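What you are looking at is a predicted structure, and each value in this text was computed from that prediction instead of being measured. Here is how names work: the chains are called A, B, and so on, in the same order as the sequence lines, proteins then strands, and each is numbered from 1.
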4 protein chains.
Amino acid sequence: MAKLRMGMIGGGPGSFIGRIHRMAAELDGDIQLVCGAFSSDPEKSKAAGAAMHLDPARVYGSYVEMIESEQRLPANQRMDFVAIVTPNHVHYQPAMLALQGGFDVVVDKPMCFSLDEARSLEQEVERTGRLLAVTYTYSGYPMVKEMRAIIAAGRIGKIRKVYVEYPQGWLATDLETGGNKQADWRTDPKRSGAGGAIGDIGTHAAHLAEYATGLRITAINAMLNTVVPGRRLDDDASMLLRFNNDATGVLTATQVAVGEENNLNIRIYGEKGGLEWHQVEPNSAVLQWPDQPREILRAGWGYLGSAAQSNTRTPPGHPEGYLEAFANIYAAFARALRSRASGDRDFPTVVDGARGMAFIDCVIRSAGSSQKWTEMP
Amino acid sequence: MAKLRMGMIGGGPGSFIGRIHRMAAELDGDIQLVCGAFSSDPEKSKAAGAAMHLDPARVYGSYVEMIESEQRLPANQRMDFVAIVTPNHVHYQPAMLALQGGFDVVVDKPMCFSLDEARSLEQEVERTGRLLAVTYTYSGYPMVKEMRAIIAAGRIGKIRKVYVEYPQGWLATDLETGGNKQADWRTDPKRSGAGGAIGDIGTHAAHLAEYATGLRITAINAMLNTVVPGRRLDDDASMLLRFNNDATGVLTATQVAVGEENNLNIRIYGEKGGLEWHQVEPNSAVLQWPDQPREILRAGWGYLGSAAQSNTRTPPGHPEGYLEAFANIYAAFARALRSRASGDRDFPTVVDGARGMAFIDCVIRSAGSSQKWTEMP
Amino acid sequence: MAKLRMGMIGGGPGSFIGRIHRMAAELDGDIQLVCGAFSSDPEKSKAAGAAMHLDPARVYGSYVEMIESEQRLPANQRMDFVAIVTPNHVHYQPAMLALQGGFDVVVDKPMCFSLDEARSLEQEVERTGRLLAVTYTYSGYPMVKEMRAIIAAGRIGKIRKVYVEYPQGWLATDLETGGNKQADWRTDPKRSGAGGAIGDIGTHAAHLAEYATGLRITAINAMLNTVVPGRRLDDDASMLLRFNNDATGVLTATQVAVGEENNLNIRIYGEKGGLEWHQVEPNSAVLQWPDQPREILRAGWGYLGSAAQSNTRTPPGHPEGYLEAFANIYAAFARALRSRASGDRDFPTVVDGARGMAFIDCVIRSAGSSQKWTEMP
Amino acid sequence: MAKLRMGMIGGGPGSFIGRIHRMAAELDGDIQLVCGAFSSDPEKSKAAGAAMHLDPARVYGSYVEMIESEQRLPANQRMDFVAIVTPNHVHYQPAMLALQGGFDVVVDKPMCFSLDEARSLEQEVERTGRLLAVTYTYSGYPMVKEMRAIIAAGRIGKIRKVYVEYPQGWLATDLETGGNKQADWRTDPKRSGAGGAIGDIGTHAAHLAEYATGLRITAINAMLNTVVPGRRLDDDASMLLRFNNDATGVLTATQVAVGEENNLNIRIYGEKGGLEWHQVEPNSAVLQWPDQPREILRAGWGYLGSAAQSNTRTPPGHPEGYLEAFANIYAAFARALRSRASGDRDFPTVVDGARGMAFIDCVIRSAGSSQKWTEMP
């Protein structure tokens, strides 16, 4: 049995996330990058492909060319799926083309540029029966899966409060005018979409909250700020949340918190217990009780549930991190590709991707309203 | 020169905070508890006074009796000030009586029962020229004073974001129906006032945010919840904030966060740096920068400013805590009593107390409004 | 019933520990400082006494004068006990005088200057029936008492390994030549005794290890270093240990660990579980198991044993620290004074003090030997 | 340019470290596993190779067969190097065969079974000019490289103290009699060698201490224990150290510390500053000073030195871990293979491997001696 063959769209020079996708996909030895359209500049694409030791014949000058060319290859050679790692405004078109071309798709978050695009992608996935994964990385962490399992099993009771926060500091100054490629497109409404921080990291926080709790956000009371003068999109978001079980919460996402790295945190309190997790030290979660000692749950131990255990590669105390969480999404995607009928879909799907786009839309509408609460569909 | 003489109102059997006030007041050897009306039940008051080794003649059956009796004692014997440690509905009357009787006053937070009472106390302090301190304990911590000094000196630049959170878990069930005296009065609108969690701990969080940053909250967008069925006051608050320099923030205060102890935290981000402090490990603060290593500031070191240093009793690594922070408020109050003309008032005054009452009032109005923002006067 | 009356020997200008003893003794409202011989310079003693608001008639020019004068006072006025807070070479004589004068004694650690003095003090305590406490502060912490209780109850099984470490950094340079009074006497063999770091902090570590585990050190394999050139005593100690139950361990104590504050830590492993405690965050202890989540035990909770609970003054999350631990020793001493027959002696006694002196003696002998192991009596 | 081709010896069913080597080697996309002799049982080897999607023709029944067969392949197909991931007693023979067959070698630690074997390997590497890397994983962490760079630059001054500790808990019971394959061979002197814990993890600690500081251990005063009854090798080691610059230190390595995972820690103190690092949270290091705030150095920041930066794949706050550290060793090895003349050898070489064997030998000799110190060659 051969490895699954991946093609990549985007990920050329200056890309951060392309390299991450490649390492994550290949980590478990079940996927191999075989082709790519790494840049809209064919020369840059070629150079990138060469650096990855790819067959030059399968390094393409455009994603259109790639999808068309790969379709013509024999079934045992052509790529199985594409990973789309371009800026947000170049997610939809290649994803649609790939789905229509018979390829499954992994796409970086947010899934696309607008809620309309999201709806359209949902329909196309439905129509074609292909699989689409969105890399909400943080739900790939074993301890996040453990929290989800603990909550699903009712161990902390009905959820009452959810606090999720995602402070970063890297956009505390106007990096975008200084040639930083990442800052450039992420703060450009033509490439990033209607959301700045709320799209880039707020959607991660929202997905994490819903994934861990199994709840759905039903209403949002949001404030969006553009803190850095001259910036064209929000760089700071705070909001109060209502969930579908009457729980409430707070979500913050900011990129102007000077000195913060990538400090995604979540705390969840139920009637019977509480949970806490910090992405920067992802191998621990805290489980706490009204009258017993706080417990530190640690990745790799036998007392964890099956989801946490099967998403861990090392024994306790041999820390795994961001790449491994990312790889867990690819591994789940690969399992689903190999066993489509199983229904095993432990990765963020097109439904989650569309939900993220609805979240961005709802936050922007709420932030523009003088009414307290805006319903989330 | 003699010690300052303190009388106490409240603090009898079942009181948590009375003992704290006594220890804090006496810690630095400059104040001595000399009399008290510890309970409205004279027998209980006597017993409490005896346990504190007080002269039985100065253990009174009511605060009215105490204030009247102490007024008649010679100046070198009578108490210098009273500490009021009763439930909120018994703050105003004894405070007014004491001020009118020529005594300075320390009163536990929140300062009183209603905004009207607060306004009246402000006027009476103004009229009498006495001093009134409100024990917003957490601004007594040396590392909080250090944050305030760092911000005041402009080291982290103009403040942009303030996140303050105060989760506790002790009221996650309806303790009040089970005979818990602390829970009983704190959840009773007749004794606690219009605010539950928002008055009990939310005011601490608001004071901390304003004290550390030197800013003022100007508008609030709040959600108040009563999470535990049957409870008569809010036990959970979340709100978005605007400050007078255009900074924004988030404040949460909840008493239903199962497993949380007294987890007051603050993070503040300016244009140039960020600060973070956690009350449960109060001897550290984190100072962070856009391009330099994070710094851990620790109590007791010579690199700290004078306010932090003068509010510390031990060398680095000999942890001080809650009682010492509390004692710092008493020490500042004692300095002011001994040197009224100095203008040194490094303790929360009647103005801060009234501001706390205005905060409670504003939060409740906001929570009841469908408009997003409610102005804070 | 009156407060217990304390006299203090030492603690004048420049003293760190004198003020600590005064605060700790008085914290719980059961002891009052009533007299003192704060300095061998009568003027300095007077000034110190005045700053503490003492009756000038009871501020003495020498400890001899104090002990003699207090003996002549009526029983209901004279001091009940003395606290000796002088440098080590002035512990023995005042302690002997006090015991012989009918006073109980609290003495700072190490108990005295030499093992011979220790033996003599032990005999005098035995002869007079007075009580003597040595302020090994760290065994006063509630979470240390909890560890002791857990181990005594067999919850972690037979102890196998004990790691105790005590790094400080304040003597990383030759402070003693620059006028630092604390450094001056502590590095002077005529005032400190034969041990430098090993006496000043090593004895704390050894006491903590024995107190927490209930074991006894039986043999030592030590290295003592004088790291800072010109220093006259050791400033760095490391040693391997054997205990009386066949457990082994490691003890380190250094004062040249640049940047370390007062970082006393202990980890203890038994057949069934492990324990860990850090003095700089003293309100937590870690309890860990072979196959269950790590537990964080926190001061103030109802799940702790009675010793931890009764040595805590505040609810969970209201941190107590060094002064409160110190106060616990005074409180236990006070209880013993008030109820001598009870046999309740939850403070380090003359036996512990003598054991500390034997430890210093054994370490020095081991360090000077080319043989691996030196027996500890 | 093609990827480097790796062959693996060992790593079949039940192997922990084989999978780790495969993931680490391939992580950066520059190495590909192409063949293997995964088990001495040909059937198991075949099955393992199939699970890794290898060409069945290149899955061998023995390492002898593999080395011989690969030698016969064309240069552009045959493996470039072998990774030896068998138990310790099967390191030497395949390494010698591979070197003699013209292959470079990666071998898991400890390098071999005995000091004699180590000497012989050193000679063979010298003779053949091949490269040999030993996977002392922990020196692959970026923050360890940062510590090394800080020390090499003299920023913390001449080193005085080194504390390195490596507690694990997994061998706190006699797992080896219960069918645990890892425990079985590691506690068997015929497969593990003369050292138990001291070989398995003590060598990691010793390498880390020497790598980070640039110093050499010159003398050892060791205690070795077999704590678990019936065990055939040591499971617990503690020792005092002397270094070649007169610094001293303490090294502990134990596998009976119940509840510990893989808790390798190091603290290093120089004349001017101190450093601290914990493997379980590997992306931080602490840098501390006598009179300035403690600094938290974090992986991924621009203020770090080039070695730390070039050994990091993700931005700050996207945690990397054990696999990435492991991969850094493979990446350095790959760079050296591609550019043999460069002299760039930022991986543990045969010299380090031999030093580890000398360390084991010295510790065992010291532990058996009644003399305090045993020289390390």
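- Proximity to chain B at a heavy-atom threshold of 4.5 Å picks out nothing from residues 194-205 of chain A.
- Pairs passing the ring-ring contact (aromatic ring centres under 6.0 Å, His included) check and including a residue from residues 228-264 of chain B, sequence neighbours excluded, do not occur.
- B/Asp246 does not touch chain A: none of its heavy atoms, backbone or side chain, sits under 4.5 Å away.
- Residue B/Trp170: no heavy atom, backbone or side chain, is found under 4.5 Å from chain A.
- Put simply, of A/Ala247, A/Ala172, A/Gly169, the one with the most heavy-atom pairs under 4.5 Å next to chain B is A/Ala172.
- For a residue to count as touching a neighbouring chain, one of its non-hydrogen atoms must lie under 4.5 Å from one of that chain's; by this rule B/Leu275 does not touch chain A.
- Side chain of A/Asn263 to main chain of A/Pro167: no donor-acceptor pair is present (N/O by atom type, distance under 3.5 Å, no hydrogens or angles).
- Interface check for chain B: of the options A/Lys161, A/Met239, A/Glu276, A/Lys272, the most heavy-atom pairs under 4.5 Å are formed by A/Lys161.
- In terms of non-hydrogen atom pairs under 4.5 Å with chain B, the most contact-rich of A/Pro290, A/Gly274, A/Ser238, A/Ser370 is A/Ser370.
- Between the side chain of A/Gln288 and the backbone N or O of B/Val258, at least one donor-acceptor pair lies under 3.5 Å.
- Of the two parts of B/Gln292, neither the backbone nor the side chain holds a non-hydrogen atom closer than 4.5 Å to a non-hydrogen atom of chain A.
- The backbone N or O of B/Ala209 lies less than 3.5 Å from a partner atom in the side chain of B/Thr213, making a donor-acceptor pair.
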Between A/Trp277 and A/Glu146, does the side chain to side chain donor-acceptor pair (under 3.5 Å) criterion hold? Intermediate values first, please. CA-CA 10 Å; A/Trp277 178 77; A/Glu146 180 69 11; over 6 Å; no
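- For B/Asn221, the parts lying under 4.5 angstrom from a heavy atom of chain A are both the backbone and the side chain.
- The contact between B/Ala222 and chain A is made entirely by backbone atoms, counting heavy-atom distances below 4.5 Å.
- A/His207 pairs with exactly one of A/Phe359, A/Tyr138, A/Tyr166, A/Tyr136 by the ring pair (Phe, Tyr, Trp, His ring centres under 6.0 Å) rule, that one being A/Tyr136.
- For A/Asp291, no part sits under 4.5 Å from any heavy atom of chain B, backbone or side chain.
- By number of non-hydrogen pairs under 4.5 angstrom with chain B, the leading residue of A/Asn225, A/Val286, A/Leu287, A/Ile268 is A/Asn225.
- Residue contact with chain A, scored on non-hydrogen atoms closer than 4.5 Å, involves the side chain of B/Thr252 exclusively.
- Using modelled atom types, one side-chain atom of B/Thr226 and one backbone atom of B/Leu233 make a donor-acceptor pair closer than 3.5 Å.
- Between the side chain of A/Ser192 and the main chain of A/Asp188, no donor-acceptor pair closer than 3.5 Å is present.
- Proximity of a side-chain donor or acceptor of B/Arg160 to a complementary backbone N or O of A/Ala257 within less than 3.5 Å is not detected.
- Considering only heavy atoms from C-beta on, A/Phe16 stays 4.5 Å or farther from A/Lys181 through its side chain.
- Considering only heavy-atom pairs separated by less than 4.5 Å from chain B, the leading option among A/Val228, A/Thr248, A/Val256, A/Val250 is A/Thr248.
- With contacts defined as side-chain heavy-atom distances shorter than 4.5 Å, the pair A/Thr218/A/Met376 does not qualify.
- In terms of modelled atom types and a separation under 3.5 Å, the side chain of A/Asp174 and the main chain of A/Thr177 share no donor-acceptor contact.
- In this structure the side chain of B/Ser284 never reaches within 4.5 angstrom of the side chain of B/Glu281, judged on heavy atoms.
- Chosen from A/Arg267, A/Arg294, A/Glu260, the residue pairing most often with chain B at heavy-atom distances under 4.5 Å is A/Glu260.
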